[in-house]
Novice: 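Would you mind keeping the following structure in view while I ask a few things?
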Amino acid sequence: MTGNTPAPGTLRVLPLGGLGEIGKNMTVVEYNGKIVVIDVGVRFPTAEQVGIDLVLPDFSYLKDRAQDIEAIVITHGHEDHIGALPFVLKQLGGARHAPKILGLPLTMAMAKSKLEEHRLREVPLTDVKPGQKVKVGTFELEFIHTTHSIPDTAAVAVKSELGTLLFTADYKFDQTPVDGPPADFLRFSRFGSENLLMLLGDSTNVDRPGWSPSESLVGPALEAAFAPLRGRIIVTSFASNLHRVQQVIDAAVKLNRKVCLLGRSMKKNTNIARTLGILQIPEGVLVQPRELESLPDHRVLVMSTGSQGEPLAALRRMAFRDHPQIRIHEGDTVVFSATPIPGNERAVNETIDKLYQAGANVITHKDAPIHASGHGYQEEMKMMLNLTKPKYVMPMHGDYQRLRLHKKIAVSVGVKADNVFCAENGLPVEIDKRGARFGKPVQSGVMYVDGTDIGATADAALRDRRSLSADGLFVVVATIGDDDGKSVAEPELIFRGVPFKHDEKFLTAVREQVDASVDRAAADKIHDLDEIQRILHDDIAQLVWERMKRRPVVMPVVVAV
């Protein structure tokens, strides 16, 4: 499916990520040839995506439209909303051609740090405040204060000639937030009298009835969980959940414990938040990892990344006894102040099991109320709908089940079923004076960050990586005569990561098969080396499967002399 542009006078809402999945949120708003992009997020790879570092939305639609982008708006600093920013900007022409980037101060400070890592220091970043309205081309943007698990989160209203779109982003209606006022209920209610055209709402916790618990309840629960412990405490949470970082540090101060931050993102985000005055940490509380050995266990609290079982995060390395500075031992307690993102359950459970094996005790949200979600439950979604009274609704940020559940909730509070659009990535909703409807799909999907490269890594490459990780590599080197194509030397066999015991009979069988395959190719007068390698590959792979019942990556090399 190729890209297309909407007709003049048509307002297009095109999701490129975040629908039918959790993560990599990205939405394009387009009107009369001009574009505003809402969020540029990433998703972390699954266990099957071997060797992949990050998963990005496929933003091919924007590559030829860079000059039409008026602004990129980032609603908050979580990776699933901000993480793809440097990659998108590089593909759009780099810092010199970057559009205006807008967000609240903490969000822009985190964006600046991320861009500097990618040597994009000249990108224009614009701080805005809650309640501020900003004119960008044909659009007017308004930022509305909401509450979430990271400070400086905003809903964004995008106003055009046809009407206003309201992106809730991630939100909850926390009545007693830990960092200031609750969400701007008054402004949301005013949308209800302003004929809001469309609400694009967060669907993450639509399967949970009732109201989400307040973040302010977590601090006392953490302190109560920490108080009876006499050994070291290791707390893991999202590095960007700065509310949680503050409450963990507050509890540590009350219990006379020193705090050590582990994990690059944990340290970076904490430093940014302290500079902006968002985190309040008394002098002398933070210590370096090298200082821990000089402290008694009952004086130590470690705040670590790795709550999702990420392979390279500090906690998983500790669990697998691979961390260079901290080794888990008897008496340690690891506190998971987070819940697994859907899809991460296996990695989290594996990490927990390894922690028990190493001698630690583990506390999760199932054992104590030490976590509160940053996303609202069903009653908060109903409140958002009742306050804003939109004509149309587009559920966002969730798998297909959650999008459908969100539609049911919208209908239950009075939105017409035909006015709720459960879309998918690449399927736009187009609105004009006649109404709203689905438009023609455009190219969508995923792009992979693989080392320093970005692109659509082929399925075949991922299959090979899975095979390498499971069954290893089998290299076969055959030397043939340049004149007759027959084997002139004993085949060389090289194994890497192939799980089998040395068996001379098996190796002899492989060498005999190499000679037989080469002789057959010579008899058939096949002189093309690529074709001989293909024959070798098929024959050796079949033999290995028959003898070992495994499928290592077979790499034949043919040398003509």
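Computed from a predicted structure; not experimentally measured.
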Novice: Kindly confirm or rule out a cation-pi arrangement of Arg317 over Phe320, judged by NZ or CZ under 6.0 Å from the six-membered ring centre and within 45° of its axis?
Specialist: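 Judged by the rule, Arg317 and Phe320 form no cation-pi pair.
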Novice: So, taking the atom named CZ in Phe59 and the one named CE in Met26, what distance separates them when rounded to the nearest 0.5 Å?
Specialist: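 It is 6.5 Å, given to the nearest 0.5 Å.
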Novice: Answer yes if the ring centres of Phe336 and His371 are under 6.0 angstrom apart, and no otherwise.
Specialist: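 No, the ring of Phe336 stays outside the 6.0 Å limit from the ring of His371, centre to centre.
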Novice: Using only atom types and a distance under 3.5 Å, with no angle test, would you say the side chain of Asn205 pairs donor to acceptor with the backbone of His375?
Specialist: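 Pair found, side chain donor or acceptor close to backbone of His375.
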Novice: Is there a side-chain contact between Leu141 and Val158, using heavy atoms and a 4.5 Å cut-off?
Specialist: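 The answer is yes, as the side chains (C-beta and beyond) meet within the 4.5 Å cut-off.
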Novice: Angle class for the His397/His81 ring planes (parallel below 30°, perpendicular above 60°, tilted otherwise)?
Specialist: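 If you compare the ring of His397 with that of His81, the planes turn out perpendicular.
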Novice: Could you tell me whether a side-chain N or O of Glu70 sits under 3.5 Å from a main-chain N or O of Pro99, the two making a donor and an acceptor?
Specialist: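 Absent.
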Novice: What's the spacing between Leu104 CG and Leu276 CG if we round to 0.5 Å?
Specialist: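 One finds 11.0 Å between CG of Leu104 and CG of Leu276.
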Novice: How long is the gap from NZ on Lys112 to CD1 on Ile101, to the nearest 0.5 Å?
Specialist: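 Nearest 0.5 Å value for the NZ-CD1 distance: 14.5 Å.
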Novice: Using only atom types and a distance under 3.5 Å, with no angle test, would you say the side chain of Lys172 pairs donor to acceptor with the backbone of Pro213?
Specialist: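 Yes, Lys172 side chain to Pro213 backbone: donor-acceptor pair under 3.5 Å.
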Novice: Could you please spell out the steps behind the salt bridge (Lys or Arg N to Asp or Glu O under 4.0 Å) verdict for Arg208 and Glu379?
Specialist: CA-CA 9 Å; Arg208 299 188 182 186; Glu379 294 306 313; over 6 Å; no
Novice: Would you check if Phe173 and Leu387 make a side-chain contact, meaning some heavy-atom pair closer than 4.5 Å?
Specialist: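 With C-beta onward as the side chain, the pair touches.
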Novice: Are any of the side-chain heavy atoms of Glu30 and Tyr61 separated by less than 4.5 Å?
Specialist: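 Contact flag for Glu30/Tyr61 side chains = yes.
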Novice: Indicate yes or no for a side-chain donor-acceptor contact from Asn269 to the backbone of Met266 under 3.5 Å, with no hydrogens or angles considered.
Specialist: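 Such a contact is absent between Asn269 side chain and Met266 backbone.
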Novice: Ion pair present between Glu116 and Arg119, side-chain N to carboxylate O less than 4.0 angstrom?
Specialist: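 Result for this pair is no, no salt bridge flagged.
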Novice: With a 4.0 Å cut-off, would you call Glu117 and Arg264 a salt bridge?
Specialist: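 Salt bridge flag = yes for Arg264 with Glu117.
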Novice: Is the side chain of Ser203 donor-acceptor paired with the backbone N or O of Val206 at a distance under 3.5 Å, no angle test?
Specialist: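 Judged by distance alone, no pair lies under 3.5 Å.
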Novice: For Asp322, does the CG atom have more than 12 heavy-atom neighbours from other residues, nucleotides or ligands under 6.0 Å away?
Specialist: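 Enclosed: over 12 neighbouring heavy atoms sit under 6.0 Å from CG of Asp322.
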Novice: Does NZ belonging to Lys268 count more than 12 external heavy atoms closer than 6.0 Å?
Specialist: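 Yes, enclosed.
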Novice: Would you compute the distance between atom OH of Tyr171 and atom OG1 of Thr147 and round it to the nearest 0.5 angstrom?
Specialist: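 With rounding to 0.5 Å, OH (Tyr171) is 10.0 Å from OG1 (Thr147).
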Novice: Measure the shortest side-chain to side-chain distance between Lys24 and Asp58 over non-hydrogen atoms and say whether it is less than 4.5 angstrom.
Specialist: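 No; the side chains remain at least 4.5 Å from each other.
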Novice: Establish, from distance only, whether the side-chain atoms of His78 and His148 form a donor-acceptor pair under 3.5 Å.
Specialist: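 The answer is yes; a qualifying pair exists.
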